[in-house]
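Residue numbers count from 1 along this sequence.
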Amino acid sequence: MSQSPLSASVNDTRAAPASTARPGWLREPLLHFLVLGAILFGVDHCLVSRADDPRTIVVGASVDAEAKQLFKASRGRDPNAEELAALRRVWLDNEVLYREGLILQMDKGDSAIRERVIFKALSVVDANTKLPPVTDDVLRQWFDARRAKYDEPPRFDFQEAVLSGDASEAGIRAFVDKLNAGTPGEAEAGLRVFKGRPRSNVEQSYGPEFAKALEAAAPQAWLALKSKDGWRAVRLAQMTPAKPAVFEVLRNVVQQDWTDATMAEQRSAAVRGLMGKYKVIFEGDAK
């Protein structure tokens, strides 16, 4: 069927392969205390710590307020309970490193810039962190346990006819019938073209039921599919099946990922050990 009744308005480029995509920050160990702390928190430690007791750390309401504000500014929503707890842990880790840096007088000659003191203290932690030996068996186990990260997902090339008029189920089904019959579509409809969309992206944008229906669809036929935001007129062009990753091909990538995560875990454990020297008090509802 000709697409002339519809004007192509959006062209989405192919998403990055799963083997190179970085997961969300909550799904990884704490890789960079300094970077996360600088991005997530601008709260001065004097506002939330007891100056009269250097061994007591008070996580006050200002920490939560700053975390919620910056999280919402970057993600467009408030953090949930799990995310807020993770943000508090990041701040607390940085506060411990900052206190340790002050004890070691790492602020001398450095204008007492908080991030630099944290970085210096973290450098001391890193100097005492050693990677365990790694073998191909260890890397294969790591690879197999995280296959979802490395396997190439199924990808979809599809089109969506965006109707500016009646977008109800009945309206979309009537519009789809016209398109499949070759009847000229409505002038106000635009055509959105998606290329190489991974299934996870389709699920995020339209919902899992939509992705499941699209995967089962016959190519080149217009369908009325229900998404999480309402009914859509879509046509599957082609689907590229999932492709399992090959360890031998990705060995270097897997080893680098393993190295980053293992170092981060050891770094986190070392900072947690330092935290035992301090008394931590959560004010209000902060826990």
Between [X] and [Y], is any pair of side-chain heavy atoms under 4.5 Å apart?
X: W258; Y: L131; result: yes
X: V249; Y: Y150; result: no
X: K226; Y: E169; result: no
X: F158; Y: V202; result: yes
X: D93; Y: R272; result: yes
X: D257; Y: W142; result: yes

Point to revise | Check: T259 main-chain N/O paired with T262 side-chain donor or acceptor under 3.5 Å | key: no
Review point. Is the side chain of R267 donor-acceptor paired with the backbone N or O of D126 at a distance under 3.5 Å, no angle test?
Key: no
To the nearest 0.5 angstrom, please state how far the [atom1] atom of [X] sits from the [atom2] atom of [Y].
X: D157; Y: Q238; atom1: CG; atom2: CD; answer: 4.5 Å
X: R99; Y: M275; atom1: CZ; atom2: CE; answer: 11.0 Å
X: K130; Y: M263; atom1: NZ; atom2: CE; answer: 8.5 Å
X: D64; Y: L84; atom1: CG; atom2: CG; answer: 4.5 Å
X: Y278; Y: L92; atom1: OH; atom2: CG; answer: 10.5 Å
X: E66; Y: L87; atom1: CD; atom2: CG; answer: 11.0 Å

Practice item. Using the side chain to side chain contact (heavy atoms under 4.5 Å, CB included) rule, take W91 and I57 through it: C-alpha gap first, then chi angles, then the decisive distance, then the call. Key: CA-CA 11 Å; W91 182 88; I57 299 174; 3.9 Å; yes
Review point. Taking it one step at a time, do Q159 and W222 satisfy side chain to side chain contact (heavy atoms under 4.5 Å, CB included)?
Key: CA-CA 9 Å; Q159 300 156 357; W222 286 100; 4.2 Å; yes
If I compare all heavy atoms of [X] with all of [Y], which pair ends up nearest, and what's the gap?
X: V59; Y: V280; answer: CG2-CG1, 4.1 Å
X: A217; Y: L223; answer: CB-CD1, 3.3 Å
X: R155; Y: P198; answer: NH1-CD, 3.5 Å
X: F175; Y: A161; answer: CE2-CB, 3.6 Å
X: A237; Y: P219; answer: O-CB, 3.7 Å
X: L225; Y: A213; answer: CD2-CB, 3.8 Å

Check your understanding: Can you list every pair that meets ring pair (Phe, Tyr, Trp, His ring centres under 6.0 Å) and has a residue in residues 224-247, with sequence neighbours left out?
Key -> F143-F247
With sequence neighbours left out, write down each residue that passes salt bridge (charged side-chain N to carboxylate O under 4.0 Å, His left out) with [X], or none if nothing qualifies.
X: D136; result: R251
X: R146; result: none
X: D166; result: none
X: K277; result: E100

Practice item. Apply side chain to side chain contact (heavy atoms under 4.5 Å, CB included) to V125 and Q266, showing your working. Key: CA-CA 9 Å; V125 171; Q266 293 191 357; over 6 Å; no
Study note, to complete from the structure: salt bridge (charged side-chain N to carboxylate O under 4.0 Å, His left out) with E83: of K72, R75, R88, R77, only one passes, and it is R77
**Study point:** Donor-acceptor side-chain pairing of Q256 and N252 below 3.5 angstrom
**Key:** no
For residues 203-212, which side-chain N or O atoms pair as donor and acceptor with protein atoms under 3.5 Å away, sequence neighbours left out?
{"unit_1": "E203", "atom_1": "OE2", "unit_2": "R199", "atom_2": "NE", "d": "2.9"}
{"unit_1": "S205", "atom_1": "OG", "unit_2": "N201", "atom_2": "O", "d": "3.1"}
{"unit_1": "Y206", "atom_1": "OH", "unit_2": "E160", "atom_2": "OE1", "d": "2.9"}

